2 protein chains.
Amino acid sequence: MNSQYDADDHKLEIAYWYYKLNMTQAEIAKRLNFTRQRVNQIIGNLIDDGIVEIKINGLRENNVEMESAFEKYFKLGRVFIFDVDDAENQLDLFGQKAANAFTQLLSDNSIIGVSWGITLGAAVMKMQQRNLSNCKIVQMVGGLNSDTELAKPDEIARTLAKKLSCDYHLLYGPAVVDDPQAREVLMQDKVFAETFDLINRCDLAILGVGELSKSSTIYQQGFLSKERLEKLVAQGYVGDMAMQPFKKDGTWETENHVIGVSLETLRHIPRVAAVACGVNKAKAVLGAINTGCLDVLIIDKAIAQSISQELSLDIDELNKKSN
Amino acid sequence: MNSQYDADDHKLEIAYWYYKLNMTQAEIAKRLNFTRQRVNQIIGNLIDDGIVEIKINGLRENNVEMESAFEKYFKLGRVFIFDVDDAENQLDLFGQKAANAFTQLLSDNSIIGVSWGITLGAAVMKMQQRNLSNCKIVQMVGGLNSDTELAKPDEIARTLAKKLSCDYHLLYGPAVVDDPQAREVLMQDKVFAETFDLINRCDLAILGVGELSKSSTIYQQGFLSKERLEKLVAQGYVGDMAMQPFKKDGTWETENHVIGVSLETLRHIPRVAAVACGVNKAKAVLGAINTGCLDVLIIDKAIAQSISQELSLDIDELNKKSN
DNA sequence: CATTTTGTGTGACATATGTCATTTTACAGG
DNA sequence: CCTGTAAAATGACATATGTCACACAAAATG
């Protein structure tokens, strides 16, 4: 009844009526003697046509765009990127923000596995007190004597449980043993049966990403010998999660010194969230992403920018509505 | 569960996800552990909050804003305002655009009453050929011998009927009689019974607005004597529709020289559309609006601006979403 | 300490929107 | 005049959105 020409002619008024006067598509259709579907289609193209522009003020101060781009590029469920400019309180600041991020991931009636690390500890400590009493926290790697109280997995598990007012279950074994044979024996022992059963049934796992270098916690604290560190680095390993090392491309050989969750197991946990802060962890984070274990990534802007640069990501391009 | 503070914090990402990534409100709610309703409410305020701005390019070249403002201010169903800058072809240009406007008002199975006038004639002539064969056109004022063929009501009725491929019904009487007595007699006559029945049952009436001055068609063509014109003007009359004069405030006394539809009858026709072109008709149009007979107004920009100026209308203000 | 107030969560519901498969219509060549 | 094709209308649905009334809990008030 009406030609293409008419439609062009009417785009402006449709835009105005719909976006400014909040008329419904049906009302507009009635006015123009169009079908509702046709109006719907025209409105759907208004932005592409350049007739309507939607501007979101203050986007650049935020990292939303970069977060979304990462989610899309790496096929992650959720990415949080935080500014932590204040080098002084970096850990505190990042911890606080990561804690807020965790808040969004938690829901009642879930089994939550925790790993270890300074960053993870800082985040858990900053979490708000809540009442998720039907959750259960489970320690996913064995105990280790860290200088920093809150980096210890058992301590993290306990603290988190307190925050959520729920029960927790510890892994009563050492994180690292020297002799693979010893590990083998221990892992088979029935004491761990329930623990590993819980780990396997986790709904959510939260862990830190560690780098592999002489300045890394894992080395500094002596959980990794100089020889093993050098060997791993030589083999191309770049980081670890829950003490399990991986290479830059995300591959790994099964570890036989660590008592705790394996990367293979992590892979089957529906929601795995990793935190990392500090640009020196960029390479490790990239490797962590590549393992395919992660669903949620919580990092600071420095890491994000470093990764983005290394891969020459075009943030704007990625967010084009290609879906 | 989440404080006000959180919501503020999340507005930006909600805006981005909703407007740029086209996520649904439910998806967003899930991400943030909000209820869908809360996200809905936040999104509803995004524009007021100044976080989201919607810009429609090229609005000013159009008259949409002014049209909407008029609709709101005068409580009209629809207002069309057309640019007719080319003084040369003013009638042609305006006629063409008015014809398009009519197109939007027409639907099949309706009784359509027509009046008379140069502008109306021009518009009807420019209408596209269509197939609305279940419509019926009815002439709403008696015949008159105009110089301009297409200003005559019967000619307009016939032409429109041809355009719509439908039947038409003429009013076989004079438009104006000198003696009120004669009019009385004629109006009672059974010949007109069917005609006036049709007029009363009109779904749509289209008519022109005339001014009352020495340069007006109604006077020039001699349908109104000098004496009557001067008397009417002296009494405050400013214009006519279907030969029925009205004052600036929209009031009128019943006319007793004209054979045709009364303003009172027009008032009860669901959709009455009036056309007018040329700034000299501004005052008449304002009066026409004030009669309360009109639902649709089709005018040129000059008239619109004149009226807007006289009433000191603030277009932008009117279109604020006060509803 | 009791009591409003305010913000949120919940469940229910009416509308609005997006999408498809199918039919009509309008139009361009043959 | 016939026929293929592209644009629109139609009818039917599944989702998404806007809005209630109501219940709760935390914060503010007296």
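By convention in this document, chain letters (A, B, ...) are assigned in the order of the sequence lines, proteins followed by strands, and residues within each chain are numbered from 1. Not measured: the values here are computed from a predicted model. FYI, side chains are in, hydrogens and waters are out, and symmetry mates aren't considered; it's all heavy atoms of this structure.
What separates CZ of Phe34(A) from C1' of dT24(C) is a distance of 17 Å, to the nearest Å. Between Leu132(B) atom CG and dT25(C) atom P there is a gap of 13 Å when expressed in whole angstrom units. Rounding to whole angstrom units, CD of residue Gln37(A) and P of dT22(C) are separated by 16 Å. If you take CD1 of Ile42(A) and P of dG18(C), they are 13 Å apart, rounded to a whole angstrom. Remark: P of dG18(D) and CG of Asn22(A) are 9 Å apart, rounded to the nearest angstrom. Atom CZ in Arg38(A) sits roughly 13 Å away from atom P in dA26(C) (whole-Å rounding). Between the P atom of dG7(C) and the CG atom of Asn33(B) lies a distance of 21 Å, rounded to the nearest Å. Here the P atom of nucleotide dA8(D) and the CZ atom of Arg130(B) are 15 Å apart, to the nearest Å.
Atom CD of Glu88(B) has 12 or fewer heavy atoms from other residues, nucleotides or ligands within 6.0 Å.
Donor-acceptor pairing under 3.5 Å, judged by distance alone, is absent between the side chain of Gln41(B) and the base of dG7(C).
Partners of Asn57(A) according to the side chain to side chain contact (heavy atoms under 4.5 Å, CB included) rule, which considers only residues two or more places apart in sequence or in another chain, are Lys55(A), Glu53(B). Applying the salt bridge (charged side-chain N to carboxylate O under 4.0 Å, His left out) test to Lys97(A) and every residue at least two apart in sequence or in another chain returns nothing. Applying the salt bridge (charged side-chain N to carboxylate O under 4.0 Å, His left out) rule to Asp167(A) yields no partners; only residues at least two apart in sequence or on another chain are considered.
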Produce a footprint string for nucleotides 22-28 of chain D: one letter per nucleotide, 5' end first; B if the base is under 4.0 Å from any protein heavy atom, S if only the sugar-phosphate is, - if neither. -------
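Between Arg31(A) and Glu67(B) there is no salt bridge, since no side-chain N of the basic residue sits under 4.0 Å from a carboxylate O of the acidic one. Contact check on Glu155(A) versus Arg158(A) returns a salt bridge, with a Lys/Arg side-chain nitrogen under 4.0 Å from an Asp/Glu carboxylate oxygen.
Checking each of Leu170(B), Leu160(B), Ile206(B), Thr159(B) against Ile137(B) for a side-chain contact (heavy atoms from CB on, under 4.5 Å) leaves exactly one that passes, namely Leu160(B). Gln25(A) pairs with exactly one of Gln37(A), Arg36(A), Lys30(A) by the side-chain contact (heavy atoms from CB on, under 4.5 Å) rule, that one being Arg36(A).
Fit an axis to the five pairs at each end of the helix from dC1(C)-dG30(D) to dG30(C)-dC1(D) and the two axes sit 40° apart, to the nearest 10 degrees.
Side-chain N/O atoms of Gln41(B) and Asn45(B) include a donor and acceptor closer than 3.5 Å.
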Within the sub-3.5 Å range, which N or O atoms of nucleotides 14-17 of chain C have a protein N or O partner, and how far apart are they?
residue	atom	partner	partner atom	Å
dT17(C)	OP1	Tyr18(A)	OH	3.3
dT17(C)	OP2	Gln25(A)	N	2.8

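Annotation: side chain of Leu132(B) is not in contact with side chain of Cys166(B) (no heavy-atom distance under 4.5 Å).
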Evaluation steps, salt bridge (Lys or Arg N to Asp or Glu O under 4.0 Å), between Asp85(B) and Lys301(B): CA-CA 9 Å; Asp85(B) 293 328; Lys301(B) 196 166 192 170; over 6 Å; no
